[in-house]
Trainee: 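Take this structure first; my questions come after.
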Amino acid sequence: MAEPKPVIDCNINSDFLFCKTKELIDWKRHFKSKKCNFAAKLNEQMDILSVIGSKIEIAINTLFGANEKVSLQPTRKEFEGDYTFVFFSLVKSLKKSPIEIGNTIGTYLLENNKEFESYNVVQGFLNLKLKNEVWVEVLNDLLKEKTGEDLGNKKGSVMVEYSSPNTNKPLHLGHLRNNFLGFSVSKIMEAAGYQVTKACLVNDRGIHICKSMVAYQNFGANETPESAGLKGDHLVGKYYVEFDKAYKNQINSLVENGSTEEDAKKKAPIMVEAQEMLLKWEQNDPETIELWKKLNGWVYDGFAKTYKQIGVEFDKTYYESDTYLLGKTLVEEGLKNGVFYQKEDKSVWIDLTEEGLDHKLVLRGDGTSVYITQDLGTTDLKFDDFKSDKSIWVVGNEQDYHFQVLFAIMKKLGRAYAHGCYHLSYGMVDLPSGKMKSREGTVVDADELVSDMIATAKAMSAEKGKIEDLESEESKRLFRMLALGALKYYLLKVEPKKRMLFNPEESIDFQGNTGPFIQYTHARIKSILRKGEISDDKIFDLVGDYFLNPEEKELVFLLKDYTSIIQAAAAEYSPAQLANYTYELAKTFNVFYAQHSVMNEENEDSKYLRLGLIKKVAETIKHAMGLLGIDVPERM
RNA sequence: GGUUCCAUAGCUCAGCUGGAUAGAGCAACAGAUUUCUAAUCUGUGGGUCGCAGGUUCGAAUCCUGCUGGGAUCACCA
């Protein structure tokens, strides 16, 4: 094994990976007026990628007098090198052959910098290999940093609204995608340096809850969650279904007696009753309010259990019953300043044709609100309450148009916050049997799904013979952790905006690109670390002159990307990017694990470096999974 | 019909602002356990990147058109 002499001294940070002060100043001056990828970053924290990029920019400028915007990509496996600079654009402007340009730059880089080990040129690709000690130092720096916590806290504040359930039925699979997305995006934004408020807007009023109320009043016989042995939300959901049954029966008999179907739908007594109840509710009828509070109370108890079980939470809960009348003042404001216009029937509209949208009603002729009216008011309220710089709505893509309209109106009303509004739109969750339809009873209930998955996790653990006492509290925690890990990862690994297929069998899979695979990887590492804890000081002392093998280097390579992955995931509101990264990291560790031993390694330097390395891998996995809302076990 | 999103291996999905021979997992087949957890690892087969043009040194990626699918186009929420 090669044993390179230590060329790194203790001032490495200020001298080696970072640019020398004088050099730095020259670069800044040099690139100030020009657009250069990396030079622009000099004020910020420098990572190895930026350093290399800047050095190439310098080289090109010195050699050819050209200002090139350099971007780098990891060198493909089939070529030698760490990073590749693609310079086809230079071939044209410099009118020289690719080989000549590549060699000129490569030679210059090697002669004038100490980071580079070698280079090779293939067509317009300059493959650069960095010296081993660069990677050791990258690792050393990583070990000194706290995982995922060096991003600063200076990006402002953001509100993430998600979940937003209706109080007439329990949560289903579609809600789970919403909840997991919302929670994860909140965590990611937080990690990226935002101050986050997690908000939930409960849809607790309206015709849907009145339907449940009417059905309960008619058929409920004073049933309670206790007497029925049902979670509150399921009990109320049951009466929502009862309503629908009775409604359909009434329609059928009306049609049999000669009504048209359209007429029957309007005149069915139970529907009339529901509408009357809504009216009573709006008039604050005490009896109605009492019933409403009772049923909603049950539902909230049920939701609370579900939220606790799936591990999501909120900092602020808004209730539509409090906010549904808001927005009318905005309508007045809009009329006053000419953003809105009024028709003869007194209804109020906005013309959004310039924005590529349509005319939109914002207030009915009788002065009552529509959906968008409420949302105008609620949006103002949210920004007023929290003074957030940004606001994210996690809502399904069936409301894409609604949010386009909402944001366009806010802009027209001159709300400064309008540019900070973002609709995180996600696709539907399909089942192998097709679309989920609540009316056809093909919805997958959230509570049921979670408990099924916990049971499966238990069964699989039993089958593997991994767990001794299946009934212990610790085991139960583990099964829940695995079940939720599988479910959350399955729903989050797909890019939010894409429609996705939920295959029950695949979702509880523990192999391949799954949550439990990553959880298992973490448990494996912790198992080693239990045998070989080592103080940080010792690791830092020893890594200096160690020669990394390819598997170790690959891990370092991935680990150093972690913070930028968080930034990217935050910028695109995409937990999927983080999920993919974490999978890649876990997989890479397992390759390392299959080929190298940590505790049985005879070379002490190697052993301690590996202990440090895998500790960092475990921390990164844990942190990243945490951002997905997934816990990882110490053993499994 | 207008608007909008999507289309990549048998299946489920990656593929960042255009870069080298398009990648994973599952499924199939063949291997690996005296060694820190085999819920792991290694290998094999599998592709008209929906179709057709365009932009250029270079396109799964950008533009246009077409086909297929989803969503939406309520004085519902």
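Every heavy atom of this structure was used, including side-chain atoms; hydrogens, water molecules and symmetry mates were not. Here is the naming used below: chain letters follow the sequence lines, and residue numbers restart at 1 for every chain.
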Trainee: Need the pair for A32(B). Rule: Watson-Crick or G-U wobble, both distances under 3.5 Å, any strand; none if unpaired.
Mentor: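 Across all strands, the one nucleotide that pairs with A32(B) is U40(B).
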Trainee: Which whole number of Å gives the distance between the C1' atom of G10(B) and that of C5(B)?
Mentor: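 Each nucleotide's C1' atom is 26 Å from the other's.
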Trainee: Determine the contact category for S425(A): base if any of its heavy atoms lies under 4.0 Å from a base atom, sugar-phosphate if only primed atoms, P, OP1 or OP2 are that close, otherwise nothing.
Mentor: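 S425(A): no heavy atom of the nucleic acid under 4.0 Å.
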Trainee: Give one of base, sugar-phosphate or nothing for N127(A), where a contact means two heavy atoms less than 4.0 Å apart.
Mentor: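 The residue N127(A) makes base contact.
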Trainee: Is the CD atom of E474(A) crowded by more than 12 outside heavy atoms at less than 6.0 Å?
Mentor: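 Atom CD in E474(A) is not crowded, with 12 or fewer foreign heavy atoms closer than 6.0 Å.
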Trainee: Would you state whether a donor and an acceptor, one from the side chain of N580(A) and one from the base of C13(B), lie under 3.5 Å apart?
Mentor: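 Side chain to base: no pair present.
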Trainee: Can you confirm whether more than 12 heavy atoms, excluding those of E78(A), are under 6.0 Å from its CD atom?
Mentor: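 Atom CD in E78(A) is packed in, count exceeds 12.
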Trainee: Determine: side-chain N/O of K498(A) to OP1/OP2 of G70(B), distance under 4.0 Å, yes or no.
Mentor: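 The answer is no; no side-chain N or O of K498(A) sits under 4.0 Å from OP1 or OP2.
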Trainee: For a quick test of reading the model: is some side-chain N or O of K435(A) closer than 4.0 Å to OP1 or OP2 of A71(B)?
Mentor: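 Yes, K435(A) has a side-chain N/O under 4.0 Å of OP1/OP2 on A71(B).
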Trainee: Specify the residue among K497(A) and A586(A) whose closest nucleotide of RNA chain B lies further upstream toward the 5′ end.
Mentor: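 Looking at the nearest nucleotide for each, K497(A) comes out on the 5' side.
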Trainee: Is a donor-acceptor pair below 3.5 Å formed from side chain N590(A) to base A38(B), judging by atom type as modelled?
Mentor: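 Side chain to base: no pair present.
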Trainee: Compare the aromatic ring of F125(A) with the six-membered base ring of G19(B) and state whether they stack according to the 5.5 Å and 30° rule.
Mentor: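 Whether judged by distance or by angle, F125(A) falls short somewhere, so it does not stack on the base of G19(B).
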Trainee: Could you say whether H208(A) or F592(A) is positioned toward the 5' end of RNA chain B, judged by the nucleotide with the nearest heavy atom to each?
Mentor: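 Nearer the 5' end of the strand: F592(A).
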Trainee: Does any donor atom in the side chain of E495(A) or S574(A) lie under 3.5 Å from an acceptor atom in the other side chain?
Mentor: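 Yes, S574(A) and E495(A) have a side-chain donor paired with an acceptor closer than 3.5 Å.
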Trainee: Which part of the nucleic acid, if any, lies within contact of Q123(A), taking any heavy atom under 4.0 Å across all strands shown: a base, the sugar-phosphate backbone alone, or nothing?
Mentor: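 Result for Q123(A) = nothing.
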